[in-house]
Visitor: 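Before anything else, here's the structure in question.
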Amino acid sequence: MLSKRHLLLVFFFLMLGTAPLLAQDDGDDYPYPPFRSEEYSDFVSSKNQDQQDKFLDRKYNFPAKPKDKLEVGLTVGSLLVSGDIHGNSPLKWSASGNLSPKLGIGGHIRKSLGYVFSIRGNFMAGSTWGRNWQWTDGWSKSSRNSDPFFIPNKALAGNVNYDAYNENGNTPNYVDPNSRLGRNVFYNYKTKIRELSVSGIVNLHNIRFHKRQTNLNLYGLVGVGGTAYRTFMDQLDANGEEYTHTDLASVYFYEDRSDRLSQLDEMYDGTFESQAERHFDDFTPFGNFSYKPTGHVGMGIAYKFNRNLNLALESRVTYTNDDLLDGQRWQEWGALTRDYDTYVFTGLMVNYNIGGSNSVEPLWWMNPLDYAYAEIIQPPCCDDLPEWPDLDDDDGDGVPNVFDEEPDSRAGCPVDTKGRMIDSDRDGILDCDDECPHTRSDKIDQVNDKGCAPPDPEPKFSCKDLEGDICDCARSCYRPLPDTVIREIKTVETKTVVEKVIERVEVQMTPAPAPPPPPPPPPPCTIGPLPNILFDLNKYSIRPEFEPQLAEVARAMRECPEKSLCVIGHTDSRSGNAYNDVLSYKRAKEVADRLARDYGIDRSRLIVQYRGESQPVVGGMVIGQKGIDADQALNRRVEFRVCPPGMDMPMPAGPANAGTRQPKP
């Protein structure tokens with residue numbers, strides 16, 4: 001038999017042998033990538049990759065849950081039944097000299113469902129025993145008035161139904177054959193318990209506001225399961241005979257219990273050979289074991305030595321809805337006792353985490369606020385960021401310096417999307433200085449310093465050089481006649497007048513040269529590259545510095561009245577697709593309405609279209625860097641394309657309140 005001193009010695013050597021394994025991690029950093037790093041994707045399961053991608057694109061507020069390890073554990077502890085028979089001290093490991101520890105051994109597998117909740121599958125097998133220090137005959141007293149000799153507990157009355165459950169085929173019989181009354185017995189039992197269960201666990205200690213990690217984890221649990229048990233009694237001596245208690249004096253006081261238990265140790269052999277009272281009408285899939293569905297509650301506290309090993313102390317109370325775990329359910333007057341039996345398993349658990357290299361420790365050890373605090377403390381600019389681009393617009397042309405190829409363009413000069421001042425007719429004189437900004441290509445080499453070419457000379461005609469009716473020539477070359485001719489026309493006959501008029505016209509007119517061949521037809525009107533209109537974040541109102549660009553678009557449309565323009569709205573990649581579609585539509589419509597209202601352009605020549613975030617000017621956005629907007633600035637735009645006449649695209653089905661307009665109309 002093992003004494004308490006021997007047990008303490010064994011425990012000391014076990015702890016000494018495992019000391020190298022219990023070395024605690026140094027530092028306060030997790031050995032896992034941060035949520036916004038590319039390496040973190042390796043720690044995310046395939047079904048959660050889409051969420052992580054949206055998180056990196058800033059389209060979803062929460063990072064994906066990482067893959068975490070499973071916990072497997074082994075438990076050794078005290079197993080006690082709370083029933084109608086005293087369980088005695090859990091440290092008493094012998095019954096009448098026979099080793100009989102009140103121990104259970106269990107194991108479990110546990111998986112997290114998040115940072116707070118987890119689920120665990122449990123197995124436990126053990127045995128426990130107990131005995132009363134007072135004798136009783138309540139097992140044989142009947143509460144049935146119709147049969148005063150009815151024996152409630154037939155396991156002590158020699159009932160043949162119990163013979164098959166006893167190894168020697170003998171069932172104790174403490175009924176006096178003469179009086180038909182039961183003799184006094186000392187209740188005792190030994191119960192074997194086998195349990196399978198599932199527990200839901202709630203962590204109470206891993207959400208900490210002022211410390212990243214904790215080595216302690218306090219938790220509560222509740223669950224259901226099934227318990228198979230079998231209960232025995234020690235009611236026969238080594239010869240298979242019932243014990244005789246006539247030599248034992250009556251003991252009524254609690255302080256005398258130790259002496260009585262010592263007497264029973266000397267009398268009883270501690271073999272627990274007889275089947276205790278049991279149910280014969282219940283379903284039992286485990287042979288001689290009785291089976292009951294059970295529920296349990298419990299609490300525990302765990303201490304983490306490193307990221308793979310922790311030690312826990314846990315106590316679990318199991319409710320069986322059964323009163324025969326200790327083999328006794330009768331009161332002294334033959335009625336059933338009031339309460340059902342429960343059993344308590346309190347044990348020391350050694351737990352180890354298993355999982356792949358791309359799995360974090362179980363989530364109940366990690367702080368769910370880690371990401372939130374990391375985002376809060378992150379500065380707007382870090383050492384690992386590339387050099388910040390120049391977001392200023394020194395020349396005020398609406399194109400940031402970082403994208404402006406002419407960062408010193410003159411105020412009031414329209415520019416293209418790269419900030420270059422526009423020379424529409426390519427005559428070398430900027431539109432803002434050119435009084436004739438659309439000179440014909442065949443006259444470019446004749447322009448003056450104001451950008452204008454000389455007009456074409458008036459043709460001079462001679463009627464002698466023309467064929468046909470001379471009157472037609474006269475009409476085409478009409479010049480006012482002197483008053484003398486007019487007076488003479490009024491006094492002479494028509495024929496004479498015509499002859500004299502022709503004569504005088506031929507004399508007075510300077511011979512006109514032959515007309516030159518007609519000039520070639522002008523080339524078809526074309527609209528060259530038009531500037532874009534850029535917008536502030538989440539706005540669809542037009543910034544004042546883009547008025548010159550609007551004026552340039554209006555001028556081009558007046559030069560080519562037969563042309564139509566598609567006004568196409570765009571956004572950056574922030575917010576969702578439906579939101580961005582509505583915002584880009586509003587930007588395009590705002591520009592088209594302004595051109596019609598303020599610049600007199602026929603609204604039917606402006607076709608509103610939208611593209612949302614699908615056609616960025618600058619692609620491959622750098623994710624996870626704060627304070628940089630230049631990579632998105634050119635994407636928030638309205639651009640113009642020559643297109644056939646048509647109808648506006650309908651407003652997309654998205655949030656109607658997308659974007660804001662400042663100032664409001």
Visitor: Not counting sequence neighbours, list each pair that qualifies as a disulfide bond (SG atoms under 2.5 Å apart) and has a residue in residues 548-604.
Guide: Cys525-Cys560, Cys566-Cys643
Visitor: Out of curiosity, Arg611 CZ to Thr571 OG1, how far, rounded to the nearest 0.5 Å?
Guide: 12.5 Å
Visitor: Counting neighbours of NZ on Lys59 that are heavy atoms of other residues, nucleotides or ligands and sit closer than 6.0 Å, is the number greater than 12?
Guide: yes
Visitor: Look up atom OG in Ser409 and atom CG in Asp416, then write down how far apart they are to the nearest 0.5 Å.
Guide: 9.5 Å
Visitor: Under the salt bridge (Lys or Arg N to Asp or Glu O under 4.0 Å) test, which residues partner Asp427, sequence neighbours left out?
Guide: none
Visitor: Which residue pairs satisfy the disulfide bond (SG atoms under 2.5 Å apart) criterion with at least one member in residues 588-617, sequence neighbours excluded?
Guide: none
Visitor: Return the CD to CG distance between Gln213 and Asn206, rounded to the nearest 0.5 Å.
Guide: 11.5 Å
Visitor: Under 6.0 Å from the six-membered ring centre of Tyr599 and within 45° of its axis: does the NZ or CZ of Arg594 meet both?
Guide: no
Visitor: Rounded to the nearest 0.5 Å, how far does NZ of Lys67 lie from CG of Leu363?
Guide: 13.0 Å
Visitor: Is a donor from one side chain sitting under 3.5 angstrom from an acceptor on the other, for Asp394 and Asn401?
Guide: yes
Visitor: Got a salt bridge between Arg410 and Asp433, using NZ or NE/NH1/NH2 to carboxylate O under 4.0 Å?
Guide: yes
Visitor: Distance-only, no hydrogens or angles: does the Asp572 side chain make a donor-acceptor pair with backbone N or O of Asn635 under 3.5 Å?
Guide: no
Visitor: Suppose the criterion is salt bridge (charged side-chain N to carboxylate O under 4.0 Å, His left out): which pairs have a residue in residues 359-370, not counting sequence neighbours?
Guide: Arg212-Asp370, Lys304-Glu361, Arg307-Glu361
Visitor: What is the ring orientation for Phe43 with Tyr40, classed by angle as parallel under 30°, tilted 30 to 60°, or perpendicular over 60°?
Guide: parallel
Visitor: What residues form a side chain to side chain contact (heavy atoms under 4.5 Å, CB included) with Thr214, not counting sequence neighbours?
Guide: His205, Arg208, Leu216
Visitor: So which atom in Gly356 and which in Lys69 form the shortest heavy-atom distance, rounded to 0.1 Å?
Guide: O-CE, 4.0 Å
Visitor: More than 12 non-hydrogen atoms from neighbouring residues, nucleotides or ligands closer than 6.0 Å to CD1 on Ile109, yes or no?
Guide: no
Visitor: Once you round to the nearest 0.5 Å, how far does CE of Met366 lie from CG of Asp68?
Guide: 8.5 Å
Visitor: Can you confirm whether Cys413 sits close enough to Asp397 that some side-chain heavy atom of one is under 4.5 Å from a side-chain heavy atom of the other?
Guide: no
Visitor: Which heavy atom of His296 sits nearest to which heavy atom of Val224, and what is that distance?
Guide: CE1-N, 3.7 Å
Visitor: With distance as the sole criterion, is a donor-acceptor pair present between the side chains of Ser575 and Asn580 under 3.5 Å?
Guide: no
Visitor: Report yes or no: do Asn351 and Asn310 form a side-chain donor-acceptor pair below 3.5 Å?
Guide: yes
Visitor: Holding to side chain to side chain contact (heavy atoms under 4.5 Å, CB included), I want the full list of residues that pass it with Leu113, two or more places apart in sequence or in another chain.
Guide: Phe117, Ile119
Visitor: So, for Met647 and Ile607, which heavy atoms are closest and what is the spacing to 0.1 Å?
Guide: O-CG2, 3.3 Å
Visitor: Using the ring of Tyr219 (Phe, Tyr or Trp, six-membered ring only), decide whether Arg110 places NZ or CZ under 6.0 Å from its centre and within 45 degrees of its axis.
Guide: yes
Visitor: Taking all non-hydrogen atoms of both residues, which atom of Asp431 and which atom of Pro437 are closest, and how far apart?
Guide: OD1-CB, 4.0 Å
Visitor: Under 3.5 Å, is there a donor-acceptor pair linking the side chains of Ser118 and Asn203?
Guide: no
Visitor: For residues Tyr60 and Asp50, is any side-chain donor paired with an opposing acceptor at under 3.5 Å?
Guide: no
Visitor: How about NZ on Lys418, more than 12 heavy atoms from neighbouring residues, nucleotides or ligands closer than 6.0 Å, or not?
Guide: no
